[in-house]
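Report on the structure given below.
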Amino acid sequence: MVNNHILMSGLRAAIRRETESACGRLRLPGHPVSLRKIAPPRAWGYTTALPQELAGLLLAEEQVRLEDELGKKAAKKKLRARTSELSVQVAKNLAEAVSLDALPGVALAEAEGGYLNFYLDTAVASRDIISAVLERGRDFGRGEPQNERVMVEFSQPNTHKDFHVGHLRNVVLGNALANLFEFGGFEVLRTNYYGDHGIHVAKALWGHLHPELLAEAEAFLNGTVPQSVYARVERLLTSDSDNSRLVEIRAIAERETGQILQQLDDSSSDVYGLWQRTRQEDLNAFRGIYSELGVRFDLEFYESEVEKLTSAIVDELLEAGVAVVEAEGEYAGTVAVDFAAHGAAELGSMVLRRSDGTTLYQTKELALAKVKFDDYKVDRSLYVVGSEQSLYFRQVFEILKLWGFAAAEKCQHVSYELVQLASGKMSSREGTVVPYRGFVEEAKERALLLARERGISSTPETVASQVALCAIKYAFLRVDTNKTILFDWEQALSFDGNAGPYLQYAYARSNKLLAGFDPDVQRLMQLSYTPQVAEVELCRTLADFCDCVSQALDMLAPNLIANYLYDLTRAFTDFYQSCPVLKAENDVRFYRQSLVAGFNTALVIGAGLLGMELPEEM
RNA sequence: GCGCCCGUAGCUCAGGGGAUAGAGCAUCUGCCUUCUAAGCAGAAAGUCGCAGGUUCGAAUCCUGCCGGGCGUACCA
């Protein structure tokens with residue numbers, strides 16, 4: 001059976017070989033043949049700019065001579081036209097010298113400008129790619145088993161704080177990466193790490209314990225009242241009002257949050273029950289969100305548990321000479337790592353134990369990393385966390401290295417930029433957030449309205465929910481992770497054009513065309529049908545699927561998949577518009593249904609990688 | 001100050017050394033007796049932040065500058 005992938009990569013090598021030997025016959029200087037796909041709208045095939053590279057090479061001596069004579073700029077200007085002429089001539093000669101006998105599947109070698117182009121026989125190539133997809137089905141593009149265990153830690157929400165759209169970018173991204181690794185053949189451990197312990201918890205609990213004091217203090221504060229209890233307490237604590245009653249309440253809050261923090265570790269204390277209850281409420285809410293988003297975790301860690309491991313870790317690092325007790329200066333009394341002493345001065349220093357003996361977030365991070373390496377034997381460990389933490393992770397990984405973990409080299413901070421509001425940074429501290437719940441509900445409502453308008457027969461609620469979530473996920477995933485997302489309600493909730501529902505809609509349409517269709521690769525391969533432009537374009541895009549997936553994995557860039565799927569779907573829509581399927585007959589109908597089936601499969605796989613659901617009809 | 005990231009159409013973004021820089025939104029013109037109009041066809045819209053450099057070839061790589069975001073805690 002013909003396997004497209006092998007055919008394509010084998011073909012590339014053959015083209016290179018043939019081009020090289022043609023160069024030899026023409027006595028052109030030896031030069032590696034760089035081969036790329038021909039830029040999309042032109043044609044299906046491969047191209048090399050070798051003639052231009054050779055022209056540059058052939059004129060190099062002349063260039064040196066002219067530069068001496070006229071100076072660099074003038075020489076360049078003078079040579080430009082000649083280089084281009086020469087490259088056209090070289091391309092022409094090469095196109096004539098190349099033999100197609102050794103290149104099955106190539107219909108034509110042609111010089112165009114300074115390029116040498118190899119055009120595929122579209123009848124052959126399109127059959128190959130379609131049959132490759134149909135044969136492998138949902139496994140099309142799947143990688144061979146890698147025998148490597150990858151841990152992907154993502155989400156890491158704090159209990160007692162808002163879960164907002166900024167966290168959503170993280171979940172959606174982390175999930176897509178985990179999917180990509182799995183599809184790439186890796187064993188994946190999806191890991192979550194809940195921030196259920198610490199000063200932010202104490203602050204929220206204080207608010208729960210003293211709603212009347214909080215409300216009283218708020219009467220003296222300007223501005224809107226944040227939604228979460230945590231943010232309300234934070235606002236009180238950071239207020240700079242000098243109203244005497246407010247100052248009094250603020251002092252109480254400060255004193256008592258410290259006490260509450262201490263009591264969290266004591267299961268007999270008054271606040272312990274409250275902590276347990278509120279913590280559980282939030283954890284339940286998080287699980288509701290994950291389930292709604294179709295995200296699952298293999299491992300879940302809690303700060304409150306990791307916390308218990310920290311003091312031993314600090315002692316161990318002291319003993320190993322990685323950390324030291326600071327004797328003087330502003331860090332006197334702390335246990336810290338001074339990176340300058342380890343040849344990494346640019347990392348500054350990191351405190352691991354406060355002078356009052358309590359530990360910090362980073363200490364827990366180190367303890368957790370040890371657990372990950374020791375208990376789960378991971379070969380690679382990814383931390384999906386916002387870019388604001390990049391210095392922090394460099395420090396943490398450096399400490400792991402100094403500590404002697406060889407696997408520290410395999411730790412990687414997968415950073416992404418924040419989701420910002422037009423008004424500035426989203427901060428649960430300041431209460432300036434777009435909460436997850438309200439956002440998603442709004443999206444669902446809008447989608448439901450549309451679904452009802454369109455008269456979706458069976459289950460408008462289900463479809464609306466799928467549409468809303470797909471739109472949201474796509475909006476986050478299609479943007480490069482290095483780019484800040486400026487959150488805009490209207491844009492995030494758009495169901496038109498380059499958006500998630502575009503893919504869903506095309507999928508639903510393609511399903512209609514496949515009713516009763518039975519794939520038959522044998523028959524397809526025996527077909528002699530010359531595909532039309534739109535069909536070629538769809539096949540060509542389909543043929544890029546595997547490259548796209550492996551590149552996305554390589555670069556940890558799910559946005560490549562999102563953008564590819566949009567291109568693929570556009571090609572399908574174009575095909576849908578110009579090539580009737582069910583109205584065609586016999587072989588043409590069969591060929592087109594095969595192509596639609598190929599598209600349908602690739603779209604399902606790609607959308608699955610992004611964690612997006614596609615409704616059967618809409 | 002130093003470090004990381006970003007700057008492409010009015011707006012939001014593709015484009016990771018190659019041919020005439022592409023989409024969506026918004027604006028304008030058309031297309032529902034024809035496999036679903038959450039769609040399609042078309043128009044208009046660009047000094048790819050600026051200046052140098054490398055290269056046969058630069059939006060893409062390098063350097064400097066300008067503008068913006070983030071970080072530089074005994075916070076998480």
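Below, chain A is the first sequence line, B the second, and so on; all start at residue 1. As the structure is a computational prediction, the values presented were derived from the model and not from experiment. Excluded from the calculations below are hydrogen atoms, water molecules and symmetry mates; all remaining heavy atoms, backbone and side chain alike, are included.
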Would the distance check show the side chain of [X] and the main-chain N or O of [Y] forming a donor-acceptor pair, the cut-off being under 3.5 Å?
X	Y	answer
A:Thr358	A:Arg354	no
A:Glu62	A:Leu59	no
A:Thr19	A:Ile15	yes

Have a look at [X] and say if it touches a base, only the backbone sugar-phosphate, or nothing, with a 4.0 Å heavy-atom cut-off.
X	result
A:Gln491	sugar-phosphate
A:Cys579	base
A:Ser494	nothing
A:Ala55	nothing
A:Ala332	base
A:Ser415	nothing
A:Asp488	nothing
A:Leu58	nothing
A:Leu449	nothing

* **Whichever of A:Thr481 and A:Leu450 has its nearest RNA chain B nucleotide further upstream toward 5'** =>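 Final value for this comparison: A:Thr481.
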RNA chain B: 5'-proximal contact among A:Asp567 and A:Lys203 (nearest heavy atom)
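On the 5' side of the pair lies A:Asp567.
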- Query: So, A:Tyr115 and B:rA19: ring centres less than 5.5 Å apart, planes less than 30° off, yes or no?
  - Reply: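 A:Tyr115 vs B:rA19: stacking yes.
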**OP:** Taking only Lys NZ, Arg NE, NH1 and NH2, and the carboxylate oxygens of Asp or Glu, determine whether A:Lys364 and A:Glu307 approach each other closer than 4.0 Å.
**Re:**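 Yes, A:Lys364 and A:Glu307 are salt-bridged.
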For A:Asp547, is there an ion pair with A:Arg12 - N to carboxylate O distance below 4.0 angstrom?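 Salt bridge: yes.
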Does a side-chain N or O of [X] approach OP1 or OP2 of [N] to a distance below 4.0 Å, or not?
X	N	result
A:Arg36	B:rA19	no
A:Asn482	B:rC5	no
A:Lys364	B:rA76	no
A:Tyr502	B:rC40	yes
A:Arg570	B:rG39	no

Open item on the list: Taking the side chain as everything from C-beta on, heavy atoms only, tell me whether A:Phe590 gets closer than 4.5 Å to A:Phe517.
Closed with: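 Yes; the side chains approach each other to less than 4.5 Å.
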### pair A:Leu538-A:Leu568: side-chain heavy atoms closer than 4.5 Å
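Of all side-chain heavy-atom pairs linking A:Leu568 with A:Leu538, at least one is under 4.5 Å.
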(request) Go through B:rA76, B:rA19, B:rG18 for me and flag the one nearest to the A:Glu112 side chain. (result)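 The closest nucleotide is B:rA19.
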TODO: Starting at atom CD of A:Gln551, determine the distance to atom C1' of B:rG16, rounded to an integer number of angstrom.
DONE: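 Value for this atom pair: 8 Å.
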Open item on the list: What is the separation between atom CD on A:Glu62 and atom C1' on B:rC56, rounded to the nearest whole Å?
Closed with: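 Rounding to the nearest Å, CD of A:Glu62 and C1' of B:rC56 are 14 Å apart.
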For a quick check, tell me whether the side chain of [X] and the base of [N] share a donor-acceptor pair closer than 3.5 Å.
X	N	result
A:Asp496	B:rA26	no
A:Gln52	B:rG18	yes
A:Ser355	B:rC74	yes

Please write out the pairs of protein N or O atoms and N or O atoms of nucleotides 61-72 of chain B separated by less than 3.5 Å, giving the distance to one decimal.
unit_1, atom_1, unit_2, atom_2, d
B:rG69, O3', A:Gln420, NE2, 3.4
B:rG69, O2', A:Gln420, NE2, 2.7
B:rG71, OP1, A:Lys425, NZ, 3.2

Anti/syn call for B:rC6, syn if |chi| within 90°:
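Because its glycosidic torsion lies more than 90° from 0, B:rC6 adopts the anti conformation.
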Query raised in the report: Is the cationic atom of A:Arg509 (NZ for Lys, CZ for Arg) positioned less than 6.0 Å from the six-membered ring centroid of A:Tyr576 and within 45 degrees of its normal?
Result: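 Pair A:Arg509/A:Tyr576 counts as cation-pi.
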Exercise. Using purine N1 to pyrimidine N3 plus N6-O4 or O6-N4 for Watson-Crick, or N1-O2 and O6-N3 for G-U wobble, each under 3.5 Å, what pairs with B:rG7?
Worked result: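 Its partner is B:rC66.
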Check: When rounded to the nearest 0.5 angstrom, what distance separates CG in A:Leu477 from NZ in A:Lys473?
Finding: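 These two atoms lie 9.0 Å from each other.
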